[in-house]
Amino acid sequence: MRHFVVVGSGPAGFYTAEALGKAYGEAARIDILDRYPVPYGLIRFGVAPDHQSLKAVSKRYDKVAESAGVDFIGNVCIGRDVSAGELLELYDAVILAIGAPHDRKLGIPGEDLPGVIGSAAFVGWYNGHPDFADLGPPLGGTHAAVIGNGNVALDVARILSKTAHEFEGSDIVGHALEALDNSAIKTITILGRRGPHQIAMTPKELGELGHLDATSPVVEAKDFPPLEADDALEPGQRKSVTILREFAARAPDPAKPKHMVFDFFAKPLSIDGDGKVERIVVERTELDETGAARGTGERYEVPASLVVSCIGYSTPPVEGVAYDERGGKFLNDSGKITDRLYAVGWARRGPTGTIGTNRPDGYEVADRIASEMPPGSSGDRGGAKGLKLLLESRGVMPTDYDDWRKIEETEVGRARPGSPREKFVRHEEWLETLGR
Ligand SMILES: Cc1cc2nc3c(=O)[nH]c(=O)nc-3n(C[C@H](O)[C@H](O)[C@H](O)COP(=O)(O)OP(=O)(O)OC[C@H]3O[C@@H](n4cnc5c(N)ncnc54)[C@H](O)[C@@H]3O)c2cc1C
């Protein structure tokens with residue numbers, strides 16, 4: 001019998017466990033560890049609450065967790081409760097799937113002013129992440145700015161734009177719904193350093209902006225290259241750019257009080273304000289011959305009492321594990337970090353790709369493990385038994401899949417009408433539900 005441990009229960013962790021299960025059948029036991037008693041990583045804490053159909057992918061992960069050779073072990077944090085070295089002593093292979101939960105810094109003056117928030121924190125706040133329950137983003141001003149030109153920036157801008165009615169059917173947490181319903185924000189400016197051809201926004205997410213109840217997208221026709229230039233774009237990107245062109249051709253709907261303004265060729269230089277954010281100083285850019293943004297020297301100010309930066313994430317280093325500082329992920333060669341130690345998902349590749357991208361990624365690493373380690377005996381490695389003894393000696397109380405089910409049932413039972421669940425937003429609430 002082989003013993004494997006996958007650390008992290010997001011998409012990458014689950015696809016890897018699924019693939020290991022297929023590769024080894026009854027010849028392996030697979031433990032999926034997570035720092036929280038609730039699984040699924042960014043499916044729960046990242047993917048937008050008004051995109052419920054995407055969150056349904058967790059049903060597939062449920063099947064993996066319920067399969068015979070797999071156990072979910074929650075409430076255990078690598079680096080705090082157990083080290084990578086200790087897991088390597090207990091298991092044949094350790095697969096790190098801890099994602100990239102830290103916001104990348106903007107690296108400009110003023111980014112630490114109150115009211116400047118990273119997207120991990122802001123998104124975590126409206127999705128019930130326990131670390132951000134008390135974030136209290138300032139929503140009392142009329143202007144907000146979102147920095148970045150990817151889908152996370154779009155999620156944040158859309159959530160700031162929607163009416164309470166538009167959150168029906170979502171699992172946005174009650175505290176965020178109430179705060180957003182009372183928000184005074186009327187203008188949300190999305191700042192991108194380059195132009196419409198360089199966005200990393202997908203057509204479905206952009207298309208939604210044309211159907212918001214109270215918000216008009218505002219795009220400037222002058223920001224586009226000539227129409228023929230779109231022919232060179234890959235089809236998905238061309239679709240996105242076409243949607244932006246349609247927005248540019250439309251006047252804002254006078255019946256809609258809010259505006260989502262796409263400010264292209266805009267590089268934030270600094271964030272200013274008296275004790276809290278009041279404005280962003282921006283430099284107009286143009287594309288140089290390599291396609292990079294080059295400052296033109298023209299400066300202007302964008303008012304904002306809330307700034308959300310959506311410029312990417314990094315994986316935190318784990319003691320004893322090789323780390324790529326520049327890439328903000330574990331140093332690895334096609335998923336292999338060192339003998340018997342692997343990385344998958346965002347911890348392997350960095351924060352790019354969709355949920356589905358993590359599937360081939362996890363399968364590739366599982367295949368590699370299977371080819372390097374044929375079915376056989378773990379020798380005296382203790383697997384889950386040994387881990388539980390170690391955790392017990394440290395006073396750490398792991399949770400299991402049945403505990404998660406209990407939390408989920410309680411959340412579903414607390415749901416407001418029209419919502420699939422009302423999530424708990426604090427770690428203690430999870431543990432109280434379990435009688436701990
Ligand atoms: C805001 C946002 C919105 C997104 N929306 C979409 C979308 O609409 N569609 C789409 O296809 N993709 C979307 N994505 C991308 C998608 O979420 C990722 O591709 C995917 O979640 C990455 O999977 P992962 O398993 O590598 O990381 P994660 O999902 O982050 O999972 C990591 C897991 O590791 C656990 N963990 C972290 N540290 C430790 C530790 N020290 N010890 C133990 N466990 C730990 C975490 O609790 C978590 O469960 C979105 C991403 C973000 C940030």
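In each ligand, atom 1 is the first atom listed, and ligand 1 is the first ligand listed. None of these values were measured; they are calculated from a predicted model. Numbers for residues simply follow the sequence, beginning at 1.
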Answer with yes or no after comparing the ring centroid distance for F72 and W404 against a 6.0 Å cut-off, counting only values under it. no
For A97, state whether at least one heavy atom is located under 4.0 Å from any atom of ligand 1. yes
For the side chain of D81 and the backbone of C77, is there at least one donor-acceptor N/O pair under 3.5 Å apart? yes
Would H51 count as being in polar contact with ligand 1, using the rule that some N or O on each side must be under 3.5 angstrom apart? no
If we number the atoms of ligand 1 from 1 as shown, the ones under 4.0 Å from a heavy atom of G8 are 33 (C), 34 (O), 35 (C)
What do you think, any protein heavy atom under 4.0 angstrom from atom 14 (N) of ligand 1? no
Hydrogens and angles aside, do E18 and Y363 bring a side-chain donor and acceptor to less than 3.5 Å of each other? yes
Closer than 4.0 Å to some heavy atom of V152 - which atoms of ligand 1 meet that? 1 (C), 2 (C), 52 (C)
Less than 6.0 angstrom separating the ring centers of Y36 and H129, yes or no? yes
Using heavy atoms and a threshold below 4.0 Å, how should the contact between I78 and ligand 1 be classified: side chain, backbone, both, or neither? both
Where does the angle between the aromatic ring planes of Y61 and Y15 fall among parallel (under 30°), tilted (30 to 60°) and perpendicular (over 60°)? perpendicular
Could you tell me if any non-hydrogen atom of V76 lies under 4.0 Å from any atom of ligand 1? yes
Any idea which of F14, F45, W346 brings a heavy atom closest to atom 26 (O) of ligand 1? W346
For atom 9 (N) of ligand 1, which candidate among L33, L42, L54, T354 provides the closest heavy atom? L54
When you measure from the heavy atoms of G353 to every atom of ligand 1, does any distance fall below 4.0 Å? yes
Using heavy-atom distances only, which candidate in P11, C310, S53, G10 approaches atom 23 (O) of ligand 1 most closely? P11
Applying a 4.0 Å heavy-atom criterion (strictly less than), which segment of N151 is in contact with ligand 1: side chain, backbone, both, or neither? neither
Geometry only, no angles: is R35 polar-contacting ligand 1 at N/O separations under 3.5 Å? yes
